[in-house]
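Here's the structure, in C-alpha cells; my notes come after.
The residues of the chain are indexed from 1 along the displayed sequence.
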Amino acid sequence: MDASRGRTPVTVVGSGVSGLTTAIALQDEGHPVTVTSAEPPSYTTSSVAAAIWHPFFQAPDATYIRRAAATYQRLCGLAGEPGSGVRRRTLTEYFRTGVAAPWWMAAMADREPFEARDVPAGYASSYAMAVPVADTSRYLRFLVELFGSRGGQFRRSVVTDLRHETTTASWVVNCTGFGAAGLAGDPGMSLVRGVVLRCAKPPGLDGCWIDDSDPALPTYVVARESDVILGGTADPGLVSTLVPADAVTDIVRRCTTLVPALGEPQVLDVRVGFRPARVDVRLERDADVPGLVHNYGHGGSGFTLSWGCAADVVELIGRPAGA
C-alpha cells in the first residue's frame, strides 16, 4: 500500500455499533480516528437492537462465522469490564424440526460447550449456550467513552459525498448502514423494519430464548439487568414507525408461549429499528475511490459481526507509519 497512508486521521462515517467498533479497532493499531455522523449513537438503529450474539438466518459461510467468532471473543472479554453493559447469558434456541444443531456450532465447539435441552410441545430439538448480550444504551455509551478516552474525535455532520471525505483523511470507512444506498450508490441495500418491546423484568428471569422458525416473525426473549426485550418482527420495506396494537399483542403472545415465566408482561415501550439488509456484508476497498473502505450491510447481524468486521477493516487499511 501507499506508505503515505495512515499518517493523517482515519474518518469513520457512521456511529452505530459497526462504526464505533471499527473506530476502536483502528485505535488499537495506533490510528488517530474521527467518527463523523449526522446523529449520536443513541439515535442509531443499534440503540434499539436486542444485541444478542447469535448467528441467525445464515447458510454455512466461513467468512461469516470467522467474523462472528472474533466478535464473540472480544465481547466475552468486555463482559468483565465495569460499565460495558455486556454480560454472558444462557441462550436457548428451539427448533420445530429435528435439527441436530445449527451449522455454526462446529466452529464454536472449542470455545463454549453446547447442551441439549428438553423442549416444550411443538418443538423437536434445542440447544443451550452461553453468549454475550448487551444492554445497548450502556454498551454504546461505553464504546463512546472508550473511543473518547483514547483521543478519538466526534464530528456531527451530514456526509453527502464520501469521495470528498477522502480529501481530508488518509482513509475513510463507510459504516453508514442503509445510508450506503445513497452514499455508495448501492442498489442492493434495503430496509427491514424490526419491532421489539421493552418490558419490566419478572423476578428471577435470566437468560435468552429464541425461535427463528418463521423468518418474518422471529420470536425471542432477552432478559437484561433491569428489563427484558421481547421480539419481534422482520418487515421488509416498511418504513413506518407506527406499530399497530395487534402487532404488539402478537409479539407478547408468541413470547409468553415460548417463555411462560414471563407471565403477563408489562410493556414499558415499543421500539422500532430499521435493519440495513443486503445479500451479504460489503467489506472491501472501493474500486473507484482511493482511500475509501466499505463496512456495511450487516442486516440483523450488526452486533454479532461487529468486532470481526472491524478487524477485517484494520487488515485492509494496515498499520499507520511508525506505529
Side-chain angles (χ1 to χ4, degrees), residues 1-41 44-46 63 66-67 70-71 74 78 140 142-186 188-189 276 278 280-298 302 305-323:
M1 77 176 213
D2 183 346
S4 67
R5 293 205 175 277
R7 293 179 181 170
T8 58
V10 178
T11 295
V12 173
V13 183
S15 63
V17 69
S18 293
L20 291 174
T21 52
T22 296
I24 292 169
L26 288 163
Q27 287 180 320
D28 286 344
E29 296 301 325
H31 289 279
V33 184
T34 297
V35 170
T36 299
S37 178
E39 55 196 10
T44 63
T45 295
S46 299
T63 298
R66 175 180 59 77
R67 291 168 175 167
T71 303
R74 184 76 178 244
L78 289 176
L140 292 176
F142 173 83
L143 294 178
V144 168
E145 292 174 354
L146 177 60
F147 175 69
S149 71
R150 297 170 164 194
Q153 301 294 313
F154 281 96
R155 180 165 63 98
R156 290 285 297 278
S157 177
V158 177
V159 173
T160 59
D161 186 344
L162 291 171
R163 183 184 293 270
H164 175 73
E165 294 298 311
T166 64
T167 65
T168 58
S170 266
W171 294 94
V172 173
V173 187
N174 172 23
C175 297
T176 57
F178 184 70
L183 275 175
D186 190 337
M189 290 296 299
R278 199 172 184 273
D280 53 13
V281 175
R282 185 182 184 191
L283 204 164
E284 62 184 1
R285 293 187 187 181
D286 192 284
D288 299 318
V289 183
L292 176 60
V293 173
H294 298 285
N295 178 20
Y296 67 83
H298 304 87
L305 298 178
S306 55
W307 288 104
C309 286
D312 283 357
V313 169
V314 171
E315 287 299 311
L316 287 176
I317 290 177
R319 293 177 179 241

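Scanning all heavy atoms of the two residues, the minimum distance from Gly151 to Gln27 falls at C-NE2, 4.4 Å. Heavy atoms only, all atoms of each residue included: Cys175 and Val12 are closest at SG-CG1, 4.1 Å. Here the closest heavy-atom approach between residue Phe178 and residue Pro276 is recorded as N-CB, 3.3 Å. Across all non-hydrogen atoms, the minimal contact from Ser15 to Pro40 is OG-C, 3.7 Å. Of all heavy-atom pairs spanning Gly177 and Met189, the tightest one is O-CE, 3.5 Å.
Note that CD1 of Ile24 and CG of Leu146 are 4.5 Å apart. Values are rounded to the nearest 0.5 Å. Between Thr160 atom OG1 and Leu183 atom CG the span is 7.5 Å, to the nearest 0.5 Å. Atom-to-atom distance recorded for His294:NE2 and Arg282:CZ is 3.5 Å, nearest 0.5 angstrom. Here OG1 of Thr63 is found 10.0 Å from CG of Leu283. Values are rounded to the nearest 0.5 Å. Put simply, CD on Glu29 and CD on Glu315 are 8.0 Å apart, with the number rounded to the nearest 0.5 Å. Taking CG of Leu292 as the reference point, atom OG1 of Thr166 lies at 7.0 Å (rounded to 0.5 Å).
Residues Leu20 and Pro41 have side chains in contact (heavy-atom distance under 4.5 Å, counting atoms from C-beta outward). Proximity of Tyr296 to Asp186: side-chain heavy atoms (C-beta onward) are separated by under 4.5 Å at one or more points. Contact annotation: the side chain of Val289 never approaches that of Leu162 to less than 4.5 Å [non-hydrogen atoms, C-beta and beyond]. Considering only heavy atoms from C-beta on, Val144 stays 4.5 Å or farther from Val35 through its side chain. Looking at Cys309 and His298, their side chains come closer than 4.5 Å, going by heavy atoms from C-beta outward. Between Asn174 and Val293, the closest side-chain pair of non-hydrogen atoms is not below 4.5 Å. Residues Arg67 and Val281 are in side-chain contact: their nearest non-hydrogen atoms beyond the backbone lie under 4.5 Å apart.
Side-chain atoms of Thr34 and Arg155 form no donor-acceptor pair, as typed in the model, at a separation below 3.5 Å. There is no side-chain donor-acceptor pair under 3.5 Å between Asn295 and Ser18.
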message: Arg150 vs Asp28, test: side chain to side chain contact (heavy atoms under 4.5 Å, CB included). Steps then yes/no.
response: CA-CA 9 Å; Arg150 297 170 164 194; Asp28 286 344; 2.6 Å; yes
message: Please evaluate residues His164 and Thr167 with respect to the criterion side chain to side chain contact (heavy atoms under 4.5 Å, CB included), reporting the C-alpha separation (whole Å), side-chain torsions for both, the decisive distance (0.1 Å), and the verdict.
response: CA-CA 5 Å; His164 175 73; Thr167 65; 3.9 Å; yes
- prompt: After noting the C-alpha distance and the side-chain angles of Thr22 and Trp307, does the key distance pass the side chain to side chain contact (heavy atoms under 4.5 Å, CB included) rule?
  reply: CA-CA 7 Å; Thr22 296; Trp307 288 104; over 6 Å; no
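With salt bridges taken as basic N to acidic carboxylate O contacts below 4.0 Å, one links Asp280 and Arg278. Salt bridge Arg163/Glu165: absent, no basic N to carboxylate O contact under 4.0 Å.
Distance alone, capped at 3.5 Å, places no donor-acceptor pair between the Ser306 side chain and the Val17 backbone. Looking only at distances, a side-chain donor or acceptor of His31 sits under 3.5 Å from a matching main-chain atom of Gly318.
Of the residues listed (Val172, Thr36, Thr176, Thr11), the one engaging Val159 in a side chain to side chain contact (heavy atoms under 4.5 Å, CB included) is Thr36, and it is the only one.
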